[in-house]
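Accompanying notes for the structure given below.
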Amino acid sequence: MRTRVPPLISNGKAVMFPLKTFRPHATSRGSSSWKSMLFRLIEDHQVDEANRLFARIPSPSIQLYTMMINGYSRINRVDQAFRLFDKMPARDTAAWNSMIKTALGIGELDLAWKLFDEMPEQNVISWTTMINGLSQFDQIDAAEDLFLRMPERDTAAWNAMISAYCDSGRVKDACRLFEKMPQPNVISWTALIGGHDQNGQSDRALWLFYQLWMSGMKLTPSTYACVLTACANASELGLGTQLHSNLVRRGYSSDSFVSTSLVNLYAKCKQIEDSIKVFNEKQERDVVSWTALVTGYGMNDMHDNALEEFNKMVAFGIQPNQSTFSSALNSCCGLEALDRGKKIHVTTVKLGLDLDVFVGNSLIVMYSKCGDIDDSLVLFNSMDRRNLVTWNTIIVGCAQNGYTSLALKIFDAMRELNVQPDSITYTGLLTACSHSKMLGRGRHIFHLLQHDSEVAMKLEHFVCMVDILGRCGQLEEAEELIQNMPMEPNTIIWLALLSACRMHANIEVARRTSKKVFEMEPDNSAAYVLLSNIYASAGRWNDVSQIRLMMRCRGIMKVPGSSWITLKETRHEFVCGDRSHPMAMEIYAKLDWLGVKLKELGYVYDTRFALHDVDDEQKEVALAHHSEKLAVAFGLISTVEGSTIRVIKNLRVCGDCHSAIKLISKLVGRRIVLRDSTRFHHFRDGLCSCGDCW
DNA sequence: ATAGGGTTAG
């Protein structure tokens, strides 16, 4: 929205008229009663009503004009604000300041500058308003320049500059200013505490709070809200609880900001019951507090409750906003609930929020985490505004769903638009290459990353590269990379190498590698399972039984494989050889039928994978009755013919199941989406999206 | 109670 510059302003200097000429009848008493009536209406957002009253005032004072202007400005009726400003017989500095603020409110920075330059006399408030506005436009250097140039500074001006520094991440500069300012007040402290917290320095924020507390300065509700948030982020439940009882004694518990901070505090500290309690005792339930609760349920893995609460909020008549949607969609991911995610998508469209960049990003994540990468891409292509998160989200989504070349293509498009990648972008790309065993492209991306001065290399990048090298059989090079990297290796990177050893049956490297894991994490079952599988594949049964003995002695249990499918919001979970499901008879009958049909297609069980399970009793039946096969069979008999089946497995999909499900997809003419612990497999027409690089 | 500074969810 562009606002025309009003004629009086572009004319240059405004003329001040003596007030008495214009309101001869106004007495101070009369004016104060007009004022209180206007004030009440404006506070109540009844601006039209206020304007009718204003029109009846014989010669309104400058103050009354300015009140009306601010009333319009607050509800974004900017044209009317400017019209009144044009009409007023004289303007004081406050009126000009109101107009600067109005211009900034609609994003008209140029207009704000114009007003600031043309007003006859700026005061400290004019300067402070501009500093604040420049900060909102990320023009921190211009704000700093104004701050240094302003003729006099009061505490509010210092505070504005401290906040501006904090908002642009320049916490050190904020501290420097705070040290230098003559009279820091509780607002200065609150700004500095909040600034540290918001820039990831919650511990330092709490240390600052301790200083404030010792100074004996009286805390305001804002300070409590701010500090409670820092407690939440630093997981300082103890301090948070003390502050809670303290603020109750001060009578601050009904403050909306404070109570929302408490809802957040308890949710983040995994005290969801207390969080619910605070929320239920809260007088007004607004979007923010309700969103805090929805998010809180999500953080406590109570996604069903989260979505229930989201629905309650909508039914209560409170309109969700970007944040609410992003939390609700996140819970859809947690439940793999594509159907409910789609319903929420419809709601975002109704509210016109689906094109919002944050909501759009959440929708992309929801679709790709629920295995519907095609709808993710449709959404990505329809977004007219994108940020780095958008690009990262779609790249990671493609990587997890086997769309490797598309991920690389999107990266090229991103670079053509000069969007600077970050460490997540590179991780996504390397993951994509690893999933498709693209050694050359992987090396290329790794090279780009090493020479990208804007991105710091992280351990996870090396994990990805080791994974690529390992999968492509370059075990020695992978081992060398681990030994020469600039940070300490963790068990994850050794396990990546170990699993490559399994793929390429390399006992020598496996021995060295597993030794590292046993030293670092003797209780990690993955290394034992992998090593024993490597020995078993080589027929070295003595070594296998030795490892099993070791596991038994150390009391290490392997994580049992399980797969599940969600139908009509109910989760049906299966483990290998499971007969506990009410429809077990039908499921096994279907599996037998599939077995016959698959044999006709020339399928033979790949017995190498019978060794996948360490436990003896599961060995024989294992292959035919693996959990993922059970879940697929259940899906086939419980859903409409032709519809897509979506299965999730907690571990990696077994190789035999992978071949079998490919054929099943062709046999029954269905798309089957299987999400395992690392990625998605889209089976269709006898093929898998992973190109068998599982 | 004419204008500026701090506060809640993601």
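Every chain is numbered from 1 and lettered A, B, ... according to where its sequence line falls, protein lines coming before strand lines. Just so you know, these numbers use all the heavy atoms, side chains as well, and skip hydrogens, waters and symmetry mates. These numbers come from a predicted model, not from an experiment.
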Counting side-chain heavy atoms from C-beta on, which of [options] comes nearest to [X]?
X	options	answer
A/Ser326	B/dG4, B/dT8, B/dG10	B/dG10
A/Lys101	B/dG6, B/dG4, B/dA1	B/dG4
A/Ala156	B/dA9, B/dG5, B/dG6	B/dG5
A/Thr93	B/dA3, B/dA9, B/dG6	B/dA3
A/Thr295	B/dG4, B/dA9, B/dG5	B/dA9
A/Ser327	B/dG10, B/dA9, B/dG6	B/dG10

Please work out if [X] contacts a base, only the sugar-phosphate, or nothing of the nucleic acid, heavy-atom cut-off 4.0 Å.
X	value
A/Ser289	nothing
A/Thr220	base
A/Val124	base
A/Thr155	base
A/Lys282	nothing
A/Ala292	sugar-phosphate
A/Thr324	nothing
A/Asn185	base

Taking A/Asn97 as the fixed residue, which of A/Thr128, A/Thr129, A/Asn123 is the one that meets the side-chain hydrogen bond (donor to acceptor under 3.5 Å, both in side chains) rule?
->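 For A/Asn97, the side-chain hydrogen bond (donor to acceptor under 3.5 Å, both in side chains) check succeeds only for A/Asn123.
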Would you kindly give the [atom1]-to-[atom2] distance between [X] and [N], to the nearest whole Å?
X	N	atom1	atom2	result
A/Ile100	B/dT2	CD1	C1'	14 Å
A/Asn123	B/dT2	CG	P	15 Å
A/Ile193	B/dG5	CD1	P	19 Å
A/Leu212	B/dG6	CG	P	17 Å
A/Asp255	B/dT7	CG	C1'	8 Å
A/Tyr165	B/dG6	OH	P	16 Å
A/His196	B/dT7	NE2	P	14 Å
A/Arg285	B/dA9	CZ	P	19 Å

At what distance, to the nearest 0.5 angstrom, does OG of A/Ser382 lie from CG of A/Leu363?
->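 If I round to the nearest 0.5 Å, the distance is 9.5 Å.
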Counting distance only, does the side-chain N/O of A/Ser331 pair as donor-acceptor with the main-chain N or O of A/Gly334 below 3.5 Å?
-> no
For the pair A/Ser253 (side chain) and A/Val248 (backbone), establish whether a donor and an acceptor sit closer than 3.5 Å, ignoring hydrogens and angles.
-> no
Phosphate-side-chain proximity, [X] and [N], N/O vs OP1/OP2 below 4.0 Å:
X	N	answer
A/Gln198	B/dT8	yes
A/Asn132	B/dG5	yes
A/Asn70	B/dT2	no

Between [X] and [Y], a side-chain donor and acceptor under 3.5 Å:
X	Y	value
A/Asn185	A/Ser188	yes
A/Glu144	A/Tyr165	yes
A/Ser135	A/Asn132	no

Rounded distance in Å between the P positions of B/dG5 and B/dA1 =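 Those two atoms are separated by 15 Å.
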Checking only heavy atoms, does the side chain of A/Asp154 share a donor-acceptor pair with the base of B/dG4 at less than 3.5 Å?
->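 Per atom types, the contact qualifies.
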